[in-house]
Amino acid sequence: MHIFRTHTCNDLRQSHVGQTVRLSGWVHRKRDHGGLLFVDLRDHYGLTQCVIEPESEHFGTFEHLRVESVVTVSGKVVDRLSDAKNSNLPTGDIELVIETCEVQSRAEELPLPVFGEPDYPEDIRLKHRYLDLRRQKLHKNIILRGQIINSIRRRMIDQGFNEFQTPILTASSPEGARDFLVPSRLNPGTFFALPQAPQQFKQLLMVAGFDKYFQIAPCFRDEDARADRSPGEFYQLDMEMSFATQDDIFAVIEPVMAGVFEEFAEGRDVTQTPFPRIAYRDAMLKYGTDKPDLRIDIICSDVSPFFVEDGVEFKAFKGIVEGGGTVRAVPAPGTKDKPRSFFDKMNGWAQKEMQAPGLGYIRFEDGENGLEGKGPIAKFFPADVLVRMAAHAGVGDGDALFFAAGKETDAVKLTGAARTEVGTQLGMIDDNVFKFCWIVDFPMFEWDEDNKKIDFSHNPFSMPQGAMEALENMEPLDILAYQYDIICNGIELSSGAIRNHRPDIMYKAFEMAGYDRAMVDTEFAGMINAFKYGAPPHGGIAPGIDRIVMLLAGVENIREVIVFPMNQQAQDLMMNAPAAVDSKQLRELHLRLDLPKEKDKSGS
RNA sequence: GCGGGUGUAGCUCAGUUGGUUAGAGCGCUGGCCUGUCACGCCAGAGGCCGCGGGUUCGAGUCCCGUCACUCGCGCCA
């Protein structure tokens, strides 16, 4: 008999009754009846109830053994009496009568209970991640992650893509995030950067003629965290292909995403391919964001012109529109029965959460003379203006409109947030649906208000639509790029682009954003040089693995799908990283610290 | 860097208009219990009310500051 186990804790069934077997695992739970003691033994695979009687020489061992200790037990598999079977457990028909046992590892009192999985403070969970990972829910998420990555890998390979490994110690890449730096001992005073993405490498692989690249790529960015953004490091399905149009990229990645989501959706509905494509400008107008949650069936609109019509007396918004601002309408469908407090709360939300001046509203109801407006500001509008505005915004009897007004950027931002808030408050978000879309036609350039200049609005290495001709002849802010995002349920899974593979167009685009030729030649030497020796047109995308797993696992926080995550301050509480190093290590690197004055941390 | 929320036992939380000795459940320790599977019953230990200052005869409670955690903004094109 194997010294640790003949079966796993999920193997034994009625057919094993009578056999002598051996199991190893963690003591999940004990139920001590004095004269009889039940031990639920747990391993990666499942749970088996073991039972021990007081006559046994090992009874005392189990009486005082703490849960989560690791034991090996041997004994006979017996049938349970019919009313003692547990239908909730795959092994619930049988139990193991313990004859011999060996304690492999005693557990001390736990900082974090495994059984029952009660909510626990996240810093404790992170510090004792190995305990947290024993819990079924997290354990399952991590296994799911591995299965999803396997599925993605298989789907990419099936489409003829080759997997590559690119350097971890490299130079700063063209992304705009802060780099993690690694000092070079052999080259004092110089630093590697960890890749923010393998962007330049994958493009260089295209120049090298490999045609179809992919990698489950680790990416490192020294930026602040969000619920859906892990600090420090994360993984992307990074892919790139040559001689491909935007549609070719979509045709490759859509079946991968749709296929993976369908494979792991467990009955949840997934958008059929091809995914809807929404132009950036339309997305900003209709949804107030470039990552719309299409589960919310609300379409916003610009209603600015109605506020400056003759006879409209609502001076606050009129002034905003006349001053070059804008008013956007966010429909709230089916709110006839909502109390006044619903609308007041939305206004309070806008002021508190969005730090907006407020959120005006009008409720529409059929009256004696047709559709009528109700609410505090309706009285400032002639009846016919209200009717036309309702028609324009697509609302009718029993609906309401919220108004987000201000400078266009502010109004759009408030519109997008209000749309989500209304959708949430009205219960319009279906958790059992994955709604995908592409956002396309991002502008190539934008106006940088801080520096009063034109700058790249997205990726400087994207190909402008219309190529050189557009750069030379069009108004810069009107030029679009072959740049696209893929969105699922309001979460941006990835940006991608058809790249600019032409040095002449590259120099021109950078020149328009105020960067001279010399700067391009030094900052992006590797790539611009490569493009001078025959580069294929190419493009790609890099969907975030962690976010895909997060959506499929149905969790709100990205740390629930990462095996050893850092906290929001980008600290690993379990490994104590980052940490100070001793002076010998610093001397070897010719580094001297110049730290800011330390904060008073006596509060903890 | 900025804004919101939270901070009372190991954990989840209650704690009245400011008023005597700060409670409950879970967990932990000890005892009892032969069919449980969220086992049950009894007893016990466990508190700088995040920290500092202020108001007050008196602060867990009110005010100011600060720290920690978290969500968001900036940032991440």
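Lettering follows sequence order; numbering is per chain, from 1.
Neither OP1 nor OP2 of B/G35 sits under 4.0 Å from any side-chain N or O of A/Asn86. OP1 or OP2 of B/G27 sits under 4.0 Å from a side-chain N or O of A/Arg29. Between A/Arg66 and B/U29, a side-chain N or O to OP1/OP2 separation shorter than 4.0 Å is present. In terms of phosphate contacts, A/Arg31 brings no side-chain nitrogen or oxygen within less than 4.0 Å of OP1 or OP2 of B/U36.
With a 6.0 Å cutoff to the six-membered ring centre and a 45° limit on the axis angle, A/Arg499 does not count as a cation-pi contact of A/Phe461.
Applying the 5.5 angstrom centroid cut-off and the 30 degree plane-angle cut-off, the aromatic ring of A/His33 is stacked upon the base of B/C39.
As the counterpart of B/A43, B/U29 is assigned, both hydrogen-bonding distances of the Watson-Crick or G-U wobble pattern falling under 3.5 Å. The partner of B/C49, taking Watson-Crick or G-U wobble pairs whose two distances both stay under 3.5 Å, does not exist in any strand shown.
In this structure, NZ of A/Lys127 is placed 12 Å from P of B/C11, rounded to the nearest angstrom.
A perpendicular orientation is assigned to the rings of A/Trp438 and A/Tyr484, their planes being inclined by more than 60° (bins at 30° and 60°). Taking the six-membered ring where the residue is Trp, A/Phe456 and A/Tyr515 present parallel rings, their angle staying beneath 30° rather than reaching 60°.
Residue contacts for A/Glu122: at a heavy-atom cut-off of 4.0 Å it reaches the sugar-phosphate backbone alone, with no base atom in range.
Residue side chain A/Gln49 reaches the base of B/U36 through a donor-acceptor N/O pair under 3.5 Å, judged by distance alone.
Using a cut-off of 4.0 Å between Lys/Arg side-chain N and Asp/Glu carboxylate O, A/Arg229 and A/Asp546 are scored as not salt-bridged.
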